[in-house]
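Here, residue 1 is the first one in the sequence, and each next residue gets the next number.
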Amino acid sequence: MGVKDTVVPPNTDCHHFILEDDSANLEKPYGSIFLSIPTVLDSSLAPEGHHILHIFTTSCIENWKGLSLKDYEEKKELVANKIISRLENKLFPGLKSSIVLKESSIVLKEVGTPKTHRRFLAQDNGTYGPIPHSIPKVLLGMPFNTTAIDGLYCVGDSCFPGQGVIAVAFSGIMCAHRVTADIGT
């Protein structure tokens, strides 16, 4: 999503994880939000006066099947607006409508679903991460960083939380913490 830079406060961090309630919502569709703002690190990635918000949340392709094109587009807009409202409430007041500017701070919005990932990324059922042998009942059914071999760790899009810049970066952070804990430093 492209936004006017006035909505992103100075010194905003690049990566955010939002879980408003408790960990029970972590595994529910749209229960958690991963956010990356690469333009806080490199402003040349967007036109002057703008930022990029890369927003990711969980969903299953089953939630998107059997919809007419009209219903699919309406559902994408509804889900996107709910996520944007959550971001506005937690991090970016005025994201949808700035009182000062009297207009939306959003200048570009592209919404992807599991169907989008299946079509453009050739991902099995639009999933993030490895192709499961069976459909996991929960997001946390994906493998974490440890393996059955002592001292061998996994990191990247084949383990939790899956594919994409935000997810892979988070996987690396989680793995670094796991290794640090295991070696006792």
Side-chain angles (χ1 to χ4, degrees), residues 1-5 7-8 15-21 24-39 45-47 50-98 101-142 156-171:
M1 187 164 69
V3 299
K4 295 176 182 171
D5 66 1
V7 78
V8 178
H15 299 290
H16 300 264
F17 176 74
I18 300 166
L19 180 65
E20 291 96 338
D21 308 62
N25 286 328
L26 177 68
E27 300 174 20
K28 293 180 181 175
Y30 325 116
S32 56
I33 299 172
F34 295 87
L35 169 67
S36 179
I37 312 169
T39 45
L45 297 172
H50 296 83
H51 277 291
I52 297 168
L53 304 184
H54 179 186
I55 306 156
F56 166 82
T57 190
T58 55
S59 183
C60 298
I61 200 162
E62 287 77 20
N63 297 334
W64 298 91
K65 286 184 174 177
L67 300 173
S68 68
L69 181 58
K70 179 180 181 283
D71 290 343
Y72 176 74
E73 293 298 329
E74 287 176 358
K75 183 173 181 174
K76 279 185 7 178
E77 193 65 22
L78 177 70
V79 170
N81 285 335
K82 286 181 179 179
I83 291 168
I84 291 166
S85 291
R86 290 167 65 192
L87 288 173
E88 184 173 48
N89 290 335
K90 282 297 198 182
L91 294 171
F92 307 116
L95 179 60
K96 288 193 297 187
S97 58
S98 170
L101 299 173
K102 298 190 188 310
E103 61 186 20
S104 177
S105 296
I106 301 168
V107 296
L108 174 70
K109 180 175 66 176
E110 293 287 337
V111 180
T113 70
K115 289 177 80 170
T116 311
H117 293 152
R118 183 180 63 191
R119 179 176 180 194
F120 293 104
L121 302 176
Q123 292 299 314
D124 183 54
N125 286 323
T127 61
Y128 266 58
I131 298 172
H133 296 292
S134 63
I135 298 173
K137 294 185 182 353
V138 295
L139 175 67
L140 296 178
M142 293 179 69
D157 70 353
S158 63
C159 45
F160 180 84
Q163 297 170 336
V165 173
I166 299 168
V168 170
F170 188 64
S171 173

Side chain proximity check, Thr116 to Glu110, heavy atoms < 4.5 angstrom: no
Side-chain contact, heavy-atom cut-off 4.5 Å: Leu35 with Ile37? yes
Lys75 versus Asn63: any side-chain heavy-atom pair under 4.5 Å? yes
Qualifying residues under side chain to side chain donor-acceptor pair (under 3.5 Å), relative to Asn89, sequence neighbours excluded: none
Suppose we screen for side chain to side chain contact (heavy atoms under 4.5 Å, CB included). Which residues come up paired with Asn81, at least two apart in sequence or across chains? Glu77, Ile84, Lys109
Roughly how far, to the nearest 0.5 Å, is CD1 of Ile55 from CD1 of Ile83? 7.5 Å
Set out, in order, the CA-CA distance, both residues' side-chain angles and the distance that settles side-chain contact (heavy atoms from CB on, under 4.5 Å) for Leu95 and Leu53, then state yes or no. CA-CA 11 Å; Leu95 179 60; Leu53 304 184; 4.3 Å; yes
Using only atom types and a distance under 3.5 Å, with no angle test, would you say the side chain of Thr39 pairs donor to acceptor with the backbone of Leu45? no
Give me the atom names and distance for the closest heavy-atom approach of Ala80 to Val111. CB-CG2, 3.7 Å
Taking Ser105 for the side chain and Gly94 for the main chain, is one N or O donor matched with an acceptor at less than 3.5 Å? yes
Taking every heavy atom of Arg86 against every heavy atom of Gly31, the minimum-distance pair comes out as NH2-O, 3.2 Å
Results of side chain to side chain contact (heavy atoms under 4.5 Å, CB included) for Ile61 - residues two or more places apart only: Lys65, Pro114, Lys115, Arg118, Asn125
Here the ring-ring contact (aromatic ring centres under 6.0 Å, His included) pairs for residues 66-85, sequence neighbours left out, are Trp64-Tyr72
Out of curiosity, Phe92 CZ to His51 NE2, how far, rounded to the nearest 0.5 Å? 8.5 Å
Identify, with sequence neighbours excluded, every residue that meets salt bridge (Lys or Arg N to Asp or Glu O under 4.0 Å) alongside Lys76. Glu73
If the condition is ring-ring contact (aromatic ring centres under 6.0 Å, His included), which residues does Phe17 pass it with, not counting sequence neighbours? Phe34
Look only at the side chain of Ser32 and the backbone of Ile18, and say whether a donor-acceptor pair between them is shorter than 3.5 Å. no
